[in-house]
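Take a look at the structure set out below.
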Amino acid sequence: MNQQRGDDLDDDFVPDELVASSGEEEEAGNSNAPPKDGIEALLSADEDADSEEAERKGREAAQKKRKKREKGKERNAKKRKLAQPADDAEPASVAAQPTHKLADFMSSFQAKAFPAMSSLELEDMLIPETSMVDTTSWTGSRSLDQLVEFITEVLPMLHTRLSQKSKSSGAPTLLFIAGAALRVVDVTRVLKDKRLRGDKGGDVAKLFAKHFKLGDHVSYLKRTKIGAAVGTPGRVGKLLCETDALSLSQLTHIILDISFRDAKKRSLFDIPETRDEVFRTVLGAPKVVEGIKQGKIQVVLF
């Protein structure tokens, strides 16, 4: 048998032990490495996490943009509101007009209240300009929280008379005509203010049909000294035209609550029934017509 010597081996010869050792190391290395499927799962999980994070950030960014747009819309709306012309604002009360326009205003509604009357008959009942009180000097609001100041500044003679002791029962110096019972209650509360009545002023009568019979008011007026009477045109008209309980001997002013509007945005003259009662039974009561013509009674639009 031929024996090989070391010099007879090929230059690239590797002993079997080294080959075996190398194979074992490779197998060991492969056994410690994760399987191919596990690596792909890890990579996929990382990608899903990155995707969810991106989506979250996207939602947050979109929400921020939406809030920014909403704030921008609010700012623009405020700017448009401030930039609106004066015509879009609440119109000034018709009561703030000069007396000649007030006289025309009253005559136009008076004609509606008496549609069957001729022009000559209407002229005989017209409220002259001289009987309309000029209130153009008043620049404040024509609301109840300003009524005391309105009377004090614009109607000083009335203010003085309201603070004086009443001379006889059922004879007010002021008639205040309002369109509804609740409004009458509110006006009565204001007219009882000490700044108007002082310590000597008479009572303030509250006259409306709801909860009160006509006879109740007749009895009250005949026994009570009043400085002012607040009422609806229906009840005041009945007292003037059908009884003698409401005396006009001390009456100097009739205030019409023309600026107030109810929940349906209607004024005293916008309701046909109420308007007709004002002109037919209050301003049209014979003694009132006479007092206006003689210059004893003045009409105020509030």
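Here, residue 1 is the first one in the sequence, and each next residue gets the next number.
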Carefully, step by step, assess Met132 and Gln298 under the rule side-chain contact (heavy atoms from CB on, under 4.5 Å).
-> CA-CA 6 Å; Met132 302 297 302; Gln298 291 187 304; over 6 Å; no

Test salt bridge (charged side-chain N to carboxylate O under 4.0 Å, His left out) applied to Arg189 and Asp186, step by step | CA-CA 5 Å; Arg189 189 181 300 113; Asp186 292 338; 3.1 Å; yes

Show your working on side-chain contact (heavy atoms from CB on, under 4.5 Å) between His159 and Glu153 and close with a plain yes or no.
-> CA-CA 9 Å; His159 179 215; Glu153 295 181 22; over 6 Å; no

Given the rule in the side chain to side chain donor-acceptor pair (under 3.5 Å) test, do Ser141 and Gln146 qualify, once you have shown the distances and angles that lead to the verdict?
-> CA-CA 6 Å; Ser141 170; Gln146 296 288 310; over 6 Å; no

Evaluate the salt bridge (charged side-chain N to carboxylate O under 4.0 Å, His left out) criterion for residues Lys296 and Glu290: first the C-alpha distance (whole Å), next the side-chain angles of each, then the deciding distance (0.1 Å), finally the verdict.
-> CA-CA 9 Å; Lys296 295 180 180 179; Glu290 183 182 355; over 6 Å; no

After noting the C-alpha distance and the side-chain angles of Met157 and His253, does the key distance pass the side-chain contact (heavy atoms from CB on, under 4.5 Å) rule?
-> CA-CA 10 Å; Met157 184 185 77; His253 292 81; 3.4 Å; yes

side-chain contact (heavy atoms from CB on, under 4.5 Å) assessment of Met106 paired with Leu283 = CA-CA 11 Å; Met106 293 293 286; Leu283 297 178; 3.7 Å; yes

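Between the Thr136 side chain and the Ala96 main chain, no donor and acceptor come within less than 3.5 Å of each other. Side-chain atoms of Gln110 come within 3.5 Å of backbone atoms of Met125 as a donor-acceptor pair (strictly under, hydrogens ignored). With hydrogens and angles disregarded, a donor-acceptor distance shorter than 3.5 Å links the side chain of Arg235 to the backbone of Phe212. Between the side chain of Thr281 and the main chain of Glu277, a donor-acceptor pair closer than 3.5 Å is present. Between the Thr135 side chain and the Ala95 main chain, a donor and an acceptor come within less than 3.5 Å of each other. Using a distance-only test at 3.5 Å, with no hydrogens or angles considered, a donor-acceptor pair links the side chain of Lys293 to the main chain of Asp124. No donor-acceptor distance shorter than 3.5 angstrom exists from the side chain of Arg183 to the backbone of Phe260, with no hydrogens or angles considered. The backbone N or O of Ser219 sits less than 3.5 Å from a side-chain atom of Arg223, completing a donor-acceptor pair. The backbone N or O of Glu273 sits nowhere less than 3.5 Å from a side-chain atom of Asp276 that would complete a donor-acceptor pair. A donor-acceptor pair under 3.5 Å is absent between the side-chain atoms of Thr224 and the main chain of Ile226, judged by distance alone.
By the 4.5 Å heavy-atom criterion applied to side chains, Val133 and Val299 are not counted as neighbours. Within the 4.5 Å cutoff, the side chain of Asp262 has heavy atoms near those of the Ile271 side chain. The shortest side-chain heavy-atom distance between Leu207 and Thr232 does not fall under the 4.5 Å cut-off. Side-chain contact check for Arg197 versus Leu162: every heavy-atom pair is 4.5 Å or farther apart. Contact annotation: the side chain of His217 approaches that of Leu239 to within less than 4.5 Å [non-hydrogen atoms, C-beta and beyond]. Residues Asp244 and Lys222 meet the side-chain proximity criterion, which asks for heavy atoms closer than 4.5 Å. Counting only heavy atoms from C-beta outward, the side chains of Thr173 and Leu251 never approach each other to under 4.5 Å. Proximity of Val278 to Leu256: side-chain heavy atoms (C-beta onward) are separated by under 4.5 Å at one or more points.
With a 6.0 Å radius and a threshold of 12 heavy atoms from other residues, nucleotides or ligands, Asp145 has its CG atom above the threshold. Atom CG of Leu182 has 12 or fewer heavy atoms from other residues, nucleotides or ligands within 6.0 Å.
Thr188 approaches Ala205 most closely through the heavy-atom pair OG1-O, 4.3 Å. Of all heavy-atom pairs between Ile292 and Ser131, the closest is O-OG, 3.3 Å. Smallest separation of non-hydrogen atoms from Pro233 and Ile177: CD-CG2, 3.8 Å. The two residues Pro172 and Leu246 come nearest to each other via the heavy atoms CD-CD1, 3.9 Å. Here the shortest heavy-atom pairing between Ala178 and Leu268 reads C-CD1, 3.9 Å. Between Val185 and Lys206, the shortest heavy-atom contact is CG2-CD, 4.0 Å.
Residues Tyr220 and Leu174 fall into different hydrophobic clusters, defined by Ile, Leu, Val, Met, Phe, Trp and Tyr side chains chained together at heavy-atom separations under 4.5 Å. Hydrophobic clustering (side-chain heavy atoms under 4.5 Å, transitive across Ile, Leu, Val, Met, Phe, Trp, Tyr) groups Leu155 together with Val204. Phe269 and Phe176 sit in two unconnected hydrophobic clusters of ILVMFWY residues. Membership requires side-chain heavy atoms under 4.5 Å apart, directly or through other members. The cluster map of Ile, Leu, Val, Met, Phe, Trp and Tyr, joined by side-chain heavy atoms under 4.5 Å apart, puts Val300 and Ile254 in different clusters. Both Ile258 and Val236 belong to a single network of hydrophobic side chains, linked directly or stepwise wherever heavy atoms of I, L, V, M, F, W or Y lie under 4.5 Å apart.
Relative to the six-membered ring of Phe208, Lys210 misses at least one condition, a distance below 6.0 Å or an angle of at most 45° to the axis.
Rounded to the nearest 0.5 angstrom, Ser259 OG and Leu301 CG are separated by 8.0 Å. Rounding to the nearest 0.5 Å places NZ of Lys194 at 11.5 Å from OG of Ser163. With rounding to the nearest 0.5 angstrom, the CG atom of Asp134 is 9.0 Å from the CD atom of Glu129. Rounding to the nearest 0.5 Å gives a distance of 10.0 Å between CD of Glu123 and OG of Ser107. Taken to the nearest 0.5 Å, the CD1 atom of Ile255 stands 4.5 Å off from the CD1 atom of Ile151. With rounding to the nearest 0.5 Å, the separation of CZ in Arg161 from CG in Leu196 is 14.5 Å.
Every residue two or more places apart in sequence or in another chain that forms a side chain to side chain donor-acceptor pair (under 3.5 Å) with Ser267 is listed here: Asp270.
Taking the six-membered ring for Trp and the full ring otherwise, Phe114 and Phe279 have centroids separated by 6.0 Å or more.
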